Amino acid sequence: MISQSFEQQAHVVEILADAISAHVCDADLAIEKILSGMGILSGVDRAYVFQRKVGDLLDNTHEWCSDGVAPMIDVLQNMPMDIIAPWREGFERGEPLHVPSIDAIDLAPELRELLEMQGIVGILLVPVQWDGSVMGFVGFDQVDQARPFSSEVLRILIAVAGAVGTILARAAANREIIRTKTELEEAVTQLRHLVMHDDLTGAPNRRAFHLAIKAALDSGARYQTETSVAMIDLARFKSVNEKYGHTEGDRLLRQIVERWAVVRTHGVDIYRIGGDEFAVVLNGSDAEQAMHTVIKTMRAALIEPFILGDQNTRIDMSAGLTVAPRDGTTADVLAANADLAVLTSKIEKGKTCTYSSELRKLALQRHEIAQDLLAARPDRDFVLAYQPIVDLRTGAIVKVEVLLRWQHPTRGLLMPADFIDVLCGLDQSRSVGRWVLDTACQQIAHWNKRFGMDLVVSINAFPLQVATFDFILDVQSALYRSGLPVGCLEIEVTENITLQEGSLNLKVLKQLSEMFVAISLDDFGTGFASLNSVTQIEVQTLKIDRSFVFGLRPGDPRIEVLKAMQRMTKGLGIRTVVEGIEHKAVADIVRKIGFDCGQGYYWSRPVDPRSFAGLLEAECASAVQFG
């Protein structure tokens, strides 16, 4: 069913609707159309009807087979009713039989032999009843490969099998359809609803979404109006599934759709197009502005926390929108543009983003960077730079932050701002991160031995590294091969890593802390959950973001904020590093406030290993001179 295009699926549904409504004289043709349509729609290999006849026997009266599947209608005649004995009691109660895999159930040898002769590996049988007794069944076979039916497909197959029973009963009795016209229309309406709506939430689904865009574009072309398409992604929904399980995750999705009913009351449909992905389509003279209002209403509906388990859980959303005819005139283009806008919304922490040609240009650039990164080799195409972190009281170098550079084959040496965001989303980041960890540990161990120091190396971890327990093994391996003491290693993470509620990240960081590997939280003060991050994991160091000290002067109101940070960290027993210090005056201010360490151009830019060794030599010479 999933493999069919939306137009093909809608066409099949209309064929089924016409077939179900067929006159009695066209019963055989109607059943053939139904079997063919349901076979194509569901992706089964064989669909058929068995009817009961005199002598308690069964005949295979109608059959449809997919290409390459052998028909069985000529072979399966005069079958004794006893062949369905294991399921007859359930059939009498009207219960269908769904067996995703024949190998998973116990069968009598003769029945298993019959199924194997037909090549059946998975089967659905739906009983057909008349006047309270079984008059046969409709069957759907899977041959060669068993694929369990989805709940949506099962409901459709069972509903249509019931319609086949009605046609058979009508033909056998040579009388009008037992169901009234109204009942039959309701069955067809239900079938259409099942095909066009999400089984979990009841919201219109992806098929309905694409048809809605096309209808809106047709209306826009006719009346010269705008069509706006918005994509909405729920933030951190994956972590909810990981923490509470998929059952609670499904319940949360239903609750969210129920809250969004406030939008539907104004005639706006919200489409569920994926796991945690939704969409909206609007048409009108000012559809873009109306879409902003709808998105604002949807955000407001998520403000109150949801209760999962026994805890309050907050859910936010990212939204991106596009407008026709300005940004495109086809459903595929508009959907793709809205997808691009929502990706930008995620990067910009939930801000609603509108598509522009610049976004497409940036997306192409990101794609090119990603392709180049996938071809890059860590030990050949990347280099490390080292920046000192000094004790603010003594001025001595006590730590070293390792910073990644990419030696691009055509663009030269690239700074992190040119590629790091793309690399963070690639599996390649794990191998690059592993190389950084090994190389940096070996380098610091060498310097410590050469200069008789106890420098601590601060290494930035990629999100995908921290998302698996393999990272712990990588850390242990790097320490063992380099001989660097565990107390000389610090893993630096950002808040987006610590905010992955329910994921492995917090467990991995906690286990590293238990190994006495220090954890440093970068860019502290720039995110809304900073304090929460500090309490979630055992943080040994907070790095105060450069935005708090850039251009800092006496009397600056930020000084009071910095003092509050210093008091808090001191009370928690957490050491501090102030980033972005470029001038002596700023260094003096943060030293006076009482922060522990500083980092910035005032002391040194990030430099290559040879230059950094020169800094250490100078420091050692100074220590000898004044010792």
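All values derive from a computational prediction rather than experimental measurement.
Leu321 and Ala341 get closest at one heavy-atom pair: N-CB, 3.7 Å. Considering every non-hydrogen atom in both Cys65 and Pro71, the closest pair reads SG-CA, 3.6 Å. Nearest heavy-atom pair across Leu125 and Ile123 is CD2-CD1, 3.7 Å. The shortest non-hydrogen separation linking Ile102 to Ile120 is CG1-O, 3.8 Å. The two atoms that bring Phe137 and Pro127 nearest to each other are CB-CA, 4.0 Å, heavy atoms only. Closest approach of Arg434 to Gln465, counting heavy atoms only: N-NE2, 3.7 Å.
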Subject >> From CA spacing to verdict: side chain to side chain donor-acceptor pair (under 3.5 Å), Asp250, Thr247 >> reply: CA-CA 5 Å; Asp250 289 348; Thr247 299; 5.9 Å; no
**OP:** For the pair Leu253 and Leu200, evaluate side-chain contact (heavy atoms from CB on, under 4.5 Å) and give the outcome as yes or no after the intermediate values.
**Re:** CA-CA 8 Å; Leu253 287 174; Leu200 175 65; 3.8 Å; yes
**OP:** Using the side chain to side chain donor-acceptor pair (under 3.5 Å) rule, take Arg299 and Thr352 through it: C-alpha gap first, then chi angles, then the decisive distance, then the call.
**Re:** CA-CA 10 Å; Arg299 286 191 191 280; Thr352 300; 3.0 Å; yes
Subject >> CA sep, side-chain torsions, deciding dist, call: Glu304, Arg314, side-chain contact (heavy atoms from CB on, under 4.5 Å) >> reply: CA-CA 7 Å; Glu304 289 296 320; Arg314 295 187 181 276; over 6 Å; no
Original post:
Can you check salt bridge (Lys or Arg N to Asp or Glu O under 4.0 Å) on Glu258 and Arg254, steps first, answer last?
Top reply: CA-CA 6 Å; Glu258 287 171 5; Arg254 288 192 292 268; over 6 Å; no
**OP:** Show your working on side-chain contact (heavy atoms from CB on, under 4.5 Å) between Ile213 and Val229 and close with a plain yes or no.
**Re:** CA-CA 8 Å; Ile213 299 178; Val229 176; 4.1 Å; yes
Subject >> Intermediate values then yes/no, side-chain contact (heavy atoms from CB on, under 4.5 Å), Met231 and Glu277 >> reply: CA-CA 7 Å; Met231 295 291 191; Glu277 300 172 357; over 6 Å; no
**OP:** Would you please test Arg272 and Asp233 for salt bridge (Lys or Arg N to Asp or Glu O under 4.0 Å) and show each step?
**Re:** CA-CA 10 Å; Arg272 186 186 178 209; Asp233 278 10; over 6 Å; no
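Side-chain N or O atoms of Asp198 include one that pairs as donor or acceptor with a backbone N or O of Thr201 at under 3.5 Å. Checked by atom type and distance alone, the side chain of Arg52 never pairs as donor or acceptor with a backbone atom of Met135 at under 3.5 Å. In this structure, Arg430 contributes its side chain and Leu464 its backbone to a donor-acceptor pair below 3.5 Å. Panel note: side chain Ser345, backbone Ala319; a donor-acceptor pair is recorded below 3.5 Å. Side-chain N or O atoms of Thr227 include one that pairs as donor or acceptor with a backbone N or O of Ala216 at under 3.5 Å. A distance-only check finds a donor-acceptor pair linking the side chain of Thr344 to the backbone of Leu340 [under 3.5 Å]. With Arg46 contributing its side chain and Ala70 its backbone, the two residues share a donor-acceptor pair below 3.5 Å. Judged by distance alone, with hydrogens and angles left aside, the side-chain atoms of Gln428 form a donor-acceptor pair with the main-chain N or O of Leu373 at under 3.5 Å.
Contact of the Phe462 side chain with the Val432 side chain is registered, since non-hydrogen atoms from C-beta on lie closer than 4.5 Å. The shortest side-chain heavy-atom distance between Arg251 and Leu308 falls under the 4.5 Å cut-off. Within the 4.5 Å cutoff, side-chain heavy atoms of Trp87 are placed close to those of Leu111. Looking at Pro86 and Arg88, their side chains never come closer than 4.5 Å, going by heavy atoms from C-beta outward. For the pair Met317 and Leu302, the minimum side-chain heavy-atom distance is below 4.5 Å. Counting heavy atoms from C-beta on, the side chains of His62 and Ile34 never come closer than 4.5 Å. Taking 4.5 Å as the limit, every side-chain heavy atom of Glu63 sits out of range of all side-chain heavy atoms of Glu32. Looking at Ile31 and Leu29, their side chains never come closer than 4.5 Å, going by heavy atoms from C-beta outward.
By the 30° and 60° cut-offs, the orientation of the rings of Tyr48 relative to Phe50 is perpendicular.
Around the CD atom of Glu113, the shell of radius 6.0 Å holds no more than 12 heavy atoms that belong to other residues, nucleotides or ligands. Residue-environment remark: CG (Leu473) exceeds the threshold of 12 foreign heavy atoms within 6.0 Å.
Atom CG in Asp276 sits 10.0 Å away from atom CG in Leu252 (nearest 0.5 Å). Put simply, CG on Asn205 and CG on Leu194 are 10.0 Å apart, with the number rounded to the nearest 0.5 Å. Considering CG of Leu234 and CD1 of Ile315, their distance stands at 6.5 Å, rounded to 0.5 Å. Separation of atoms CG (Asn60) and CD1 (Ile73) is listed at 4.5 Å; rounding is to 0.5 Å. The line from CE of Met298 to CD1 of Ile270 is 4.0 Å long, rounded to the nearest 0.5 Å. Atoms CG and CD, from Leu114 and Gln118 in turn, are 5.0 Å apart once rounded to the nearest 0.5 Å.
A salt bridge does not link Asp218 to Lys214: none of the charged side-chain nitrogens sits closer than 4.0 Å to a carboxylate oxygen.
Phe306 carries Arg259 over the face of its six-membered ring, with the cationic atom under 6.0 Å from the centre and within 45° of the normal.
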